[in-house]
Amino acid sequence: MHYYSLNEYLRSRFGEPVYKLSLNGGMTCPNRDGTLGTRGCIFCSSGGSGEFAASADLDINSQIDSAKSLVIGKTKAEKFIAYFQPFTNTYAEVSYLEKLFMQAIQRDDICALSIATRPDCLENDKIQLLSRLNKIKPVFVELGLQTIHSRTAHYIRRGYELCVFDKAVSNLKAIGVNVVVHLILGLPGESREDMLKSVSYVAHSGADGIKLQLLHLLKGTDLASDYEKKPFHILSLDEYAELICECIELLPKDMVVHRITGDGDKKLLIEPKWSGNKRLVLNTINKALRERNVEQGSRF
Ligand code: SF4
């Protein structure tokens, strides 16, 4: 059994270390602007799940320069992926999106675009734009699915049905972009079997990559209020490490694992408290993977 890490994939795809720069395209999302709701998904912080992205007040070139200056010395990378992270990064007119993405993609130090979005914000004109961009440099589209279970999707106020996700994956695969699916592990009311069913669904969806994100209970979210009123089970680190191993065992060997933890803002984190210690989390998961003889790809 082999765990195909993002680092291993990036090295084989680009032939050198590359580093992701979180950028802010200045968009909102239909769960926040009143189209589908105003309070967002139940777990989402006011930063739109992108606390580490640069400020949208800066233009894209300035954001890239500023993000690069922050990582100098931390990485050997000379090429970067422009990662449009917070909110829904295809939730705007195509003319706006084209100008925004072209600014990034035209730079010599940017080797790819990564665009986080929702499956219900990928109309045909946006698919065509992504197809044009993908002919210039590789495009990764990250879809926030979180779960395949409709009762959980309803509770978290995701705002679209599973068939919308299926259609988006099929449209994106048809134009050759790389599809990455984001799932959350530890959502209230979901059993281990429920979570593994979601992973298995993604494994057979046609997606190229998966992001496994531990649920972070963040201050100021409606999920935190629900937890205060009626606490639900929070995964322990050992439970999470075991779960990650089981998830990885369900994946096709060529599916890239983009993430096995999460990067929550420590200032906002309520639970699980252990998740704030990233080194401990990774060491525990790596130990659990070794115990199950899951071979890990080389790292930079
Ligand atoms: S998780 Fe994404 S879709 Fe949900 S409210 Fe936050 S930004 Fe919007």
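Quick caveat, the model's predicted, so the values are computed rather than measured. Both ligands and their constituent atoms are indexed starting at 1 by order of listing.
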Quiz item: Does V139 share a hydrophobic cluster with L23, counting links as ILVMFWY side-chain heavy atoms below 4.5 Å and allowing steps through other members?
Solution: yes
Self-check item: Linked, directly or transitively: Y160 and I148 (ILVMFWY side chains, under 4.5 Å)
Solution: yes
Exercise. Measure centre to centre between the rings of F101 and F84, then say whether the value is under 6.0 Å.
Key: yes
Exercise. Would you mind telling me if ligand 1 is within reach of the side chain of R118, the backbone, both or neither, using heavy atoms under 4.0 Å?
Key: side chain
Quiz item: Which ligand 1 atoms does G40 reach within 4.0 Å, using its non-hydrogen atoms?
Solution: 5 (S)
Exercise. Report yes or no: does C44 have an N/O/S atom closer than 2.8 Å to atom 6 (Fe) of ligand 1?
Key: yes
Quiz item: Is there a path from M255 to L196 through hydrophobic residues (I, L, V, M, F, W, Y) whose side chains come within less than 4.5 Å of each other?
Solution: yes
Quiz item: Does C29 bring an N, O or S atom to within less than 2.8 Å of atom 8 (Fe) of ligand 1?
Solution: yes
